[in-house]
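Below you'll find the structure, written out as structure tokens, and then a few comments.
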Amino acid sequence: MGMSLRRSISLDVSRVSGVRGLFNYNLSCCVNALLQSFSATTELFDLLNRWQPSAESECPHNIPQQLKRALHAMRDPQQPAPHRDFLDCLHYNYILRCIEHDADEVFHAILNLIQQQMSDLSLAAEIKNLYKITMEGQIHCLECAYVHCVSTFFLSLPLHVSEDKNTLEDCIRSFFAVQKLEHSEKFFCDRCEEKKPTAQGFKIVSLPSILCIHLKRFRSGSGFARKLFCEVTFPESFNMADILKEEKSTQEMLVRSYNLFAVIVHSGFTFGHYTAYIRSMQDQMWYFTNDSQVYQASWKEVQQTYGGRLKYNTAYMLLYRTVGTETEQGTSS
């Protein structure tokens, strides 16, 4: 297929879906894929639109300002390079050009820089809360029964994957499973005033509107990293209460259904290429974005990113939206 025909198809798809391609500047595929997911997160777009910094505070190196501009430019078909200034801004903030980045690390860096550089602190907090998974870490001393609790939060849920077959549901259960720490792993108990065997685990306090899940496919050891190509199946929708069985008070909070709307895909080995599958808010269809190319896709094609033997295009990050917000946000996009 000729380059001009591919470009024409991508432009036609963009008009129908609202999903447009982004040119790859100096290994920008990682940022390109993340920008596709940010653009599909209309909740984020609406929050950024509520921020009206003064003209005097306009700065080419301000991440939230340049992200807002990029997301607006991505909606304007007349903009030939909607993300060029954002890439320059990232480079100034040490997310450098010409380097292959990890998508989850860049995702966190962008959200953290928004917190640092946004003048409206309340809006910055709303953006953080959009993704914030609040948890309580619990450490039970197995000798005196003392429970030490620590509040914490995640902006993406980091899920360990085994080297065999996995399901997303099992990975989530494994994350929240209680682990015993004994022998050399004993933990200091404040009541016993010495290291004791403990049982440690996390308990969900609150769930966000946008649930970002990081499938930890990379392992480090012996001085080098390797990628796991094992299969990890994931559903198009799920309810957290069906996965985690907790006491009644917690269970009521977990009754929250999520729909998948973006998949960040890593292709290759430790060094590779990023693409994304995006479910359009305009027509609810799936689209595959590979830098400047955009094609309509199907759920069956998305499922090909589960991984497995001889499958090198694997889902790396999953973004789910709370059921019920699609219609509300779709009217404002």
Side-chain angles (χ1 to χ4, degrees), residues 33-51 63-64 67 71 103-116 118 120-137 150-159 168-169 171-176 201-216 234-244 246 249-264 276 278-279 281 315-330 332-333:
L34 286 171
L35 276 173
Q36 296 290 0
S37 73
F38 286 140
S39 181
T41 310
T42 51
E43 299 88 342
L44 173 64
F45 183 70
D46 290 344
L47 286 172
L48 288 171
N49 276 338
R50 285 168 50 193
W51 183 41
I63 288 290
L67 177 59
L71 296 182
D104 185 67
E105 291 179 359
V106 175
F107 172 81
H108 279 82
I110 291 172
L111 292 182
N112 288 331
L113 285 165
I114 289 175
Q115 299 305 304
Q116 297 169 21
M118 200 170 198
D120 189 325
L121 299 182
S122 62
L123 270 179
E126 285 191 59
I127 290 174
K128 183 178 181 179
N129 289 335
L130 189 62
Y131 298 93
K132 186 178 178 182
I133 311 161
T134 306
M135 298 189 195
E136 183 179 81
V150 179
S151 295
T152 188
F153 70 89
F154 296 87
L155 297 177
S156 69
L157 187 62
L159 298 183
L168 179 66
E169 295 88 339
C171 290
I172 292 175
R173 291 187 191 100
S174 179
F175 179 89
F176 289 99
F202 286 107
K203 179 179 178 180
I204 293 177
V205 175
S206 64
L207 288 167
S209 297
I210 303 299
L211 179 62
C212 180
I213 295 174
H214 173 208
L215 302 177
K216 300 182 70 175
F234 50 86
E236 202 167 10
S237 61
F238 72 89
N239 192 313
M240 191 67 81
D242 294 334
I243 300 175
L244 301 177
E246 301 285 351
S249 59
T250 304
Q251 195 70 16
E252 291 173 354
M253 181 274 300
L254 291 177
V255 179
R256 178 169 290 203
S257 296
Y258 286 99
N259 280 347
L260 184 69
F261 72 94
V263 180
I264 307 296
I278 301 296
R279 197 177 81 165
M281 292 290 287
Y316 189 57
M317 296 175 69
L318 310 172
L319 286 103
Y320 286 86
R321 169 183 284 113
T322 305
V323 172
T325 59
E326 289 106 328
T327 304
E328 298 166 17
Q329 293 297 332
S332 62
S333 59

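Both backbone and side-chain heavy atoms feed into the values below; hydrogens, waters and symmetry mates do not. Owing to the predicted nature of the structure, the values given are computational and were not obtained by experimental measurement.
Expressed to the nearest 0.5 Å, how far CD1 of I133 lies from CG of L207 amounts to 7.5 Å. Separating the NZ atom in K132 from the CG atom in L130 is a distance of 12.5 Å, to the nearest 0.5 Å. Residue F176 holds its CZ atom at 6.0 Å from CE of M240, rounded to the nearest 0.5 Å. In this structure, L48 CG and M118 CE are separated by 5.5 Å, a value rounded to the nearest 0.5 Å. Summarising the geometry, atom CD1 belonging to I210 is positioned 11.5 Å from atom CZ belonging to F38; distances are rounded to the nearest 0.5 Å. Expressed to the nearest 0.5 Å, how far OH of Y258 lies from CD1 of I213 amounts to 9.0 Å.
For the pair F153 and V205, the minimum side-chain heavy-atom distance is 4.5 Å or more. Considering only heavy atoms from C-beta on, L67 comes within 4.5 Å of L35 through its side chain. Side-chain contact check for L215 versus L168: some heavy-atom pair is nearer than 4.5 Å. Within the 4.5 Å cutoff, no side-chain heavy atoms of L111 are placed close to those of K128.
Side-chain atoms of R256 come within 3.5 Å of backbone atoms of P208 as a donor-acceptor pair (strictly under, hydrogens ignored).
The shortest non-hydrogen separation linking A276 to I264 is CB-CD1, 4.1 Å.
T152 pairs by the side-chain contact (heavy atoms from CB on, under 4.5 Å) definition with M135, F154, F202, not counting sequence neighbours. A search for side-chain contact (heavy atoms from CB on, under 4.5 Å) contacts involving S39 returns L71, M74, R75, not counting sequence neighbours.
Using a 30° and 60° split on the angle between ring planes, H214 and Y316 fall in the perpendicular class, above 60°.
When each of L244, N239, D242 is paired with L254, the side chain to side chain contact (heavy atoms under 4.5 Å, CB included) condition holds for L244 and for no other.
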